[in-house]
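Down below is the structure, laid out as structure tokens.
All chains are named by letter (A, B, ...) in the order of the sequence lines, taking the proteins before the strands, and each is independently numbered beginning at 1. What's counted below: heavy atoms across the whole structure, side chains too, no hydrogens, waters or symmetry copies.
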There are 2 protein chains.
Amino acid sequence: MTEAKNPVQAVQRTLDVLDVLRATGGARVTEVAREVGVSKGTVHCHLATLEENGYVIKEGNEYKLGLRFIDLAHHAKDRIGIFDVTTSEVDTLAEESGELALFTVEEEGEGICLYTAEGENAVRTEIYVGYRNNLYHTAVGKAMLAHMAEEKRDRLIAHMEFEQLTPRTITDEYVLREELEAIREEGIAYNHGETIQGLVGAGAPIRDQDGTVYGAVSIIGPVRRMGEERLEGEIPEMIRRAVNIIEINITSL
Amino acid sequence: MTEAKNPVQAVQRTLDVLDVLRATGGARVTEVAREVGVSKGTVHCHLATLEENGYVIKEGNEYKLGLRFIDLAHHAKDRIGIFDVTTSEVDTLAEESGELALFTVEEEGEGICLYTAEGENAVRTEIYVGYRNNLYHTAVGKAMLAHMAEEKRDRLIAHMEFEQLTPRTITDEYVLREELEAIREEGIAYNHGETIQGLVGAGAPIRDQDGTVYGAVSIIGPVRRMGEERLEGEIPEMIRRAVNIIEINITSL
DNA sequence: CACGATCGTTTTGCCCTACCAAACATTTAT
DNA sequence: ATAAATGTTTGGTAGGGCAAAACGATCGTG
């Protein structure tokens, strides 16, 4: 995120208010005011303005996010040209593997899940369309990091704040860089339970002929069904095939 | 939309800016400034603040909606408890009919499409998830209007501004009220090409045991494949069955 | 490649307005 | 029924949002 020189304070307030509504799933004036750290009156005016525009709706005295965001989300997705091309292949990955398959892109140094497809035995995770996470501890994240332009990778890594989510999480820049090198050689990135213990996965980037990274797809599942043999055997095979088809379709766009 | 007594002007500005980005699919400072009617400097500060929060991203000198909206959209959708229950039945409707099937809810007097499923021969329309339209000229809209609480219906109708989209569009309050009465008796609402000439459909509301309207589902298609016999025969039959299953599942929530 | 034109960004100062505190209205709890 | 808590509105003030202009970067063109 570039730092704004002259931020509009009132806008920042409103965004903070919206974030409280997002995090709580609906809140009342007093609760929002306490959370954001401003007076009740101020919060009320902000919520009223947002409501007038359909960004917030009021049920009784509880304010919630309005459905207008769904409209904006659709238009934001429009920017991802390869979306439609990708989803059908992710569906196939989920069906073939029986696991959870994901399509993720990078924005401002975060991985943003844009599509999920659940196979027969798919794990239940908190991942949803729009879910954001760090790049250094996921298969898709590392896949994208490994293949993006070097200067961008350096910039993103420089700003990373590593957090030890599980015993396997990489928390060192140079360990990460070594793994990225291995990923570039093999073409597949793995998550060996680095986000959630017992949850593993494999992913690969989607690139055009110039090498520009558009996103990544992955298959994730419990380690008990995804032993070494499968995780480094048929799963990468499925992913490679899917990526190949997607990349061919990109070219014709 | 309730009218705000003390709207926050700067927030309204920002929302106007976002709306320009939505409508244009990405714009530059000067263009946004002209469109919104404020100075370049002001627009720049707003965009910078939005960018800092991930709501807008900058590609070169063009600003576009950020993927953060996808996250917010997901949380907004959470409010619709029947969402997951409904989508699988809408999929079935699309497959059975081969046409386009929709799930729509009402918010602030507008119909908002929350899910679409395309059958084999589905028409290509501009309808997308998040798409908003008026209630008086669609099957889902009339279905919801017909079955909602009387006072709410009166209020919504009182604020309607009828527009003659096609020769068949209802533009008179009392003609609409008569049709709603017929819809309540039959249980199915029709769109006889009132939105787009040649595009017809049938829909029905989803209600709980108290009669509260949660939304509506519909099947729409070209009149050449949806003649009177089919539109008032097997199509309503499919819809009735789907609604029945959804309503049973609601009860168990 | 140079030059002008256009656009993006930053600065400045003024006027407005976003904010808080408090009063008032409404709802909730006991 | 009464009190306590919350939602909404009001007024005054100080901080900030705004337009205009200067500055800097970029684009297009001859």
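A 4.0 Å heavy-atom criterion places the boundary nucleotides of DNA chain D facing chain A at D:dT6 to D:dG17, written 5' to 3'.
Within a heavy-atom distance below 4.0 Å of DNA chain D, the residues of residues 34-42 of chain B found are B:V38, B:S39, B:T42. The stretch residues 10-20 of chain B touches DNA chain D through B:A10, B:R13, each having a heavy atom within less than 4.0 Å of the strand. Of the residues in residues 56-65 of chain B, those placing a heavy atom less than 4.0 Å from an atom of DNA chain C are B:K58, B:N61, B:Y63, in numerical order.
Considering only residues two or more places apart in sequence or on other chains, B:E106 meets the salt bridge (charged side-chain N to carboxylate O under 4.0 Å, His left out) condition with B:K152. Residues satisfying the ring pair (Phe, Tyr, Trp, His ring centres under 6.0 Å) criterion with B:Y136, sequence neighbours excluded, are B:F162. With sequence neighbours left out, B:H74 forms a ring pair (Phe, Tyr, Trp, His ring centres under 6.0 Å) with A:Y128. Partners of A:K77 by salt bridge (charged side-chain N to carboxylate O under 4.0 Å, His left out), not counting sequence neighbours: none found. Evaluation of the salt bridge (charged side-chain N to carboxylate O under 4.0 Å, His left out) rule for A:E59 yields A:K64, B:R79 as partners, not counting sequence neighbours. Scored by the ring pair (Phe, Tyr, Trp, His ring centres under 6.0 Å) test, B:Y63 finds no partners at all (sequence neighbours excluded).
Enclosure of atom CD in A:Q164 by more than 12 non-hydrogen atoms of other residues, nucleotides or ligands within 6.0 angstrom is indicated. Other residues, nucleotides and ligands contribute more than 12 heavy atoms inside 6.0 Å of the CD atom of B:Q209.
Summary of the strand contacts: A:C45 and A:P7 both lie near DNA chain D, and taking for each the nucleotide with the nearest heavy atom, the more 5' one is attributed to A:C45. Residue order along DNA chain D, read from the 5' end via each residue's closest nucleotide, puts A:R28 first among A:R28 and B:Q9.
Between atom CD of residue B:E110 and atom CG of residue A:D71 there is a gap of 9.5 Å, rounded to the nearest 0.5 Å. Rounding to the nearest 0.5 angstrom, the gap separating the CD1 atom in B:I127 from the CZ atom in B:R132 is 14.5 Å.
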Query - Step-by-step salt bridge (charged side-chain N to carboxylate O under 4.0 Å, His left out) determination, A:D154 to A:R177 - result: CA-CA 10 Å; A:D154 290 343; A:R177 285 185 183 276; 3.0 Å; yes

Report task. Go through the steps to decide whether B:T116 and B:Y131 satisfy the test side-chain contact (heavy atoms from CB on, under 4.5 Å), and finish with yes or no. Result -> CA-CA 10 Å; B:T116 69; B:Y131 186 81; over 6 Å; no

Name every donor-acceptor pair, under 3.5 Å, that has one atom in a side chain of residues 11-27 of chain A and the other anywhere in the protein, sequence neighbours excluded.
residue, atom, partner, partner atom, Å
A:Q12, OE1, B:N53, ND2, 2.9
A:Q12, NE2, A:D16, OD1, 3.3
A:Q12, NE2, B:N53, OD1, 3.0
A:T14, OG1, A:H46, ND1, 2.5
A:D19, OD1, A:R22, NE, 3.1
A:D19, OD1, A:R22, NH2, 3.3
A:T24, OG1, A:V20, O, 2.7
A:T24, OG1, A:G26, N, 3.3
A:T24, OG1, A:G26, O, 3.3

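Between A:E51 and A:I57, the closest side-chain pair of non-hydrogen atoms is not below 4.5 Å.
Taking five base pairs at each end of the helix from C:dC1-D:dG30 to C:dT30-D:dA1 and finding the rotation axis that steps the C1' atoms of four pairs onto the next four gives two axes whose angle is 60°, to the nearest 10°.
One finds no side-chain N or O of B:H44 lying less than 4.0 angstrom from the OP1 or OP2 phosphate oxygen of C:dG8.
With 3.5 Å as the limit, one finds no donor-acceptor pair spanning the side chains of A:T138 and A:N134.
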